[in-house]
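Comments concern the structure below.
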Protein chains: 2
Amino acid sequence: MTQASETRPERISEAEHAVMEVIWERNPITAAEVCDQVCAARGWSLATVKTLLSRLVSKQAIAAEPEGRRFLYSPLIARADYIGGESRRLVDRLFGGRAAPLFAHLAEQEALTDDDLAEIEALLKELKQ
Amino acid sequence: MTQASETRPERISEAEHAVMEVIWERNPITAAEVCDQVCAARGWSLATVKTLLSRLVSKQAIAAEPEGRRFLYSPLIARADYIGGESRRLVDRLFGGRAAPLFAHLAEQEALTDDDLAEIEALLKELKQ
DNA sequence: TCATATCGACTACGTCTGTAAACATGAAGA
DNA sequence: TCTTCATGTTTACAGACGTAGTCGATATGA
């Protein structure tokens, strides 16, 4: 059963993702406001943000609603979906789809703080309840 | 103090990574042998593999040792380092560097099998011992 | 020795990405 | 009304990436 319109979400690049984060955090939002949030941090110009915004629009990752002579942008895909997809891609590509080896790796690299461990432990308990 | 030669490992692309996996699994290995392992699966031609190999050589991800009139390729970076780096990038980019939210996400998506859970639990115990 | 298969090096080329300038147009102030 | 600012649209351009063809040299079998 293939869905009628299998709109495979087009891949969001790294720079585009930075813009998405801003939009997820606050929306609807204008181009200038997005720029306020990221241009300083990434050394971008407003023009760059505009380009990224229009690419995100054509990728249907965000919606642009006209407001006067400008646009208000809002997310069309949920952050949870995005990070879920990216996480899955990584786990599939590097760990054969199994999450445990990823966890083992992070643990080995001491990339897990005590807080992380405690939190994960709590989650584990919950999952097993 | 910046290190003398800050050889920031150049980014390995998706296609290149597929080649790396073959080389990690068996090495030293020739271009033709690499092709045997991936060309069918990915629908590539030998020429494509050769290109990827030479890009990997220039990125210093693999070494090419001459053997007669051909090369034997071997990894210069460890698989563990690679997947560690990639995992870290993802965790940094999407989860603010904390692993717990990633774990929570995988759990939420039911991307964790019972085996995964058991394994992670075991690892946790070990880490806390 | 001559054709052929093999192999790396070089070249190619369309797409995507990062980064931005130029341009057109409408709004707003002088 | 004339100028200037703000804003989206179009165009640009270099570098990375995916994918592969061509070239030149060597090994090899007839």
Side-chain angles (χ1 to χ4, degrees), chain A residues 8-23 27-74 82 85-86 89 93, chain B residues 7-23 27-74 82 85-86 89-90 93:
Chain A
R8 157 177 61 284
E10 246 179 297
R11 193 115 179 70
I12 290 173
S13 78
E14 161 107 22
E16 286 160 2
H17 169 241
V19 169
M20 286 305 292
E21 285 294 344
V22 174
I23 298 178
N27 65 77
I29 190 174
T30 68
E33 287 165 341
V34 170
C35 188
D36 287 346
Q37 302 297 305
V38 285
C39 285
R42 322 247 319 190
W44 286 345
S45 75
L46 174 59
T48 299
V49 169
K50 286 183 193 168
T51 300
L52 294 173
L53 283 170
S54 54
R55 287 180 185 168
L56 284 168
V57 167
S58 50
K59 288 182 180 180
Q60 295 187 285
I62 60 178
E65 172 147 15
E67 190 255 16
R69 39 186 268 74
R70 61 200 178 154
F71 284 127
L72 295 180
Y73 300 93
S74 307
Y82 175 73
E86 291 294 299
R89 282 169 51 81
R93 203 163 66 85
Chain B
T7 310
R8 156 176 57 283
E10 246 178 297
R11 195 108 179 73
I12 290 172
S13 79
E14 162 108 19
E16 288 160 1
H17 169 241
V19 169
M20 286 306 292
E21 286 292 346
V22 175
I23 299 180
N27 65 76
I29 190 173
T30 68
E33 287 165 340
V34 170
C35 188
D36 287 345
Q37 301 298 304
V38 285
C39 285
R42 322 246 322 189
W44 287 345
S45 73
L46 175 59
T48 299
V49 169
K50 286 183 193 168
T51 301
L52 294 173
L53 284 171
S54 56
R55 286 182 185 167
L56 284 169
V57 168
S58 51
K59 288 181 181 182
Q60 294 186 286
I62 60 178
E65 173 147 11
E67 191 255 16
R69 40 188 264 74
R70 62 202 177 150
F71 284 127
L72 294 180
Y73 299 93
S74 306
Y82 175 72
E86 290 294 299
R89 282 169 51 80
L90 181 98
R93 203 161 67 85

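Every chain is numbered from 1 and lettered A, B, ... according to where its sequence line falls, protein lines coming before strand lines.
- The distance from atom CD1 of A:Ile29 to atom P of D:dG8 is 12 Å, rounded to the nearest whole Å.
- In this structure, the side chains of A:Ile29 and A:Leu72 stay at 4.5 Å or more apart for every pair of heavy atoms.
- Contact annotation for A:Ala31: backbone-only contact, meaning every heavy-atom pair under 4.0 Å involves sugar-phosphate atoms and none involves a base.
- Among the nucleotides D:dG18, D:dT7, C:dG18, the one closest to the side chain of A:Arg70 is D:dT7.
- Side-chain contact between A:Glu14 and B:Arg89 is present, with at least one heavy-atom pair separated by less than 4.5 Å.
- For B:Tyr73, counting side-chain heavy atoms from C-beta on, the closest listed nucleotide (D:dC17, C:dG8, D:dG8) is C:dG8.
- When heavy atoms are screened at a 4.0 angstrom cut-off, A:Thr51 is found touching base atoms of the nucleic acid.
- The A:Lys59 side chain lies nearest to C:dT17 when the options are D:dT19, D:dC17, C:dT17.
- Side-chain N/O atoms of B:Ser13 include one lying less than 4.0 angstrom from OP1 or OP2 on D:dG18.
- Checking C:dT19, D:dT9, D:dT7 against the side-chain heavy atoms of A:Ala32 singles out D:dT7 as nearest.
- When side chains are defined from C-beta on, A:Val57 does not count as touching A:Leu53, because their heavy atoms never get closer than 4.5 Å.
- Take the nearest nucleotide of DNA chain C for A:Ser45 and for B:Phe71: the residue whose nucleotide is more 5' is B:Phe71.
- A:Thr48 comes within contact range of at least one nucleobase, with a heavy-atom separation under 4.0 Å.
- Nearest nucleotide to the A:Ala15 side chain, out of C:dG8, C:dG18, D:dA20: C:dG18.
- Considering only side-chain atoms of B:Glu14, the nucleotide from D:dG18, D:dT7, D:dT19 that sits closest is D:dG18.
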inquiry  = Base contacts versus sugar-phosphate-only contacts with protein, heavy atoms under 4.0 Å: please encode nucleotides 24-30 of chain D as B, S and - from 5' to 3'.
reply    = -BBS---
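- Side chain of A:Trp44, nearest nucleotide from D:dC17, D:dT19, C:dA20: C:dA20.
- Note: CZ (A:Arg55) to C1' (C:dT15) measures 11 Å, nearest angstrom.
- A:Leu53 has its CG atom 10 Å from the C1' atom of D:dG8, to the nearest Å.
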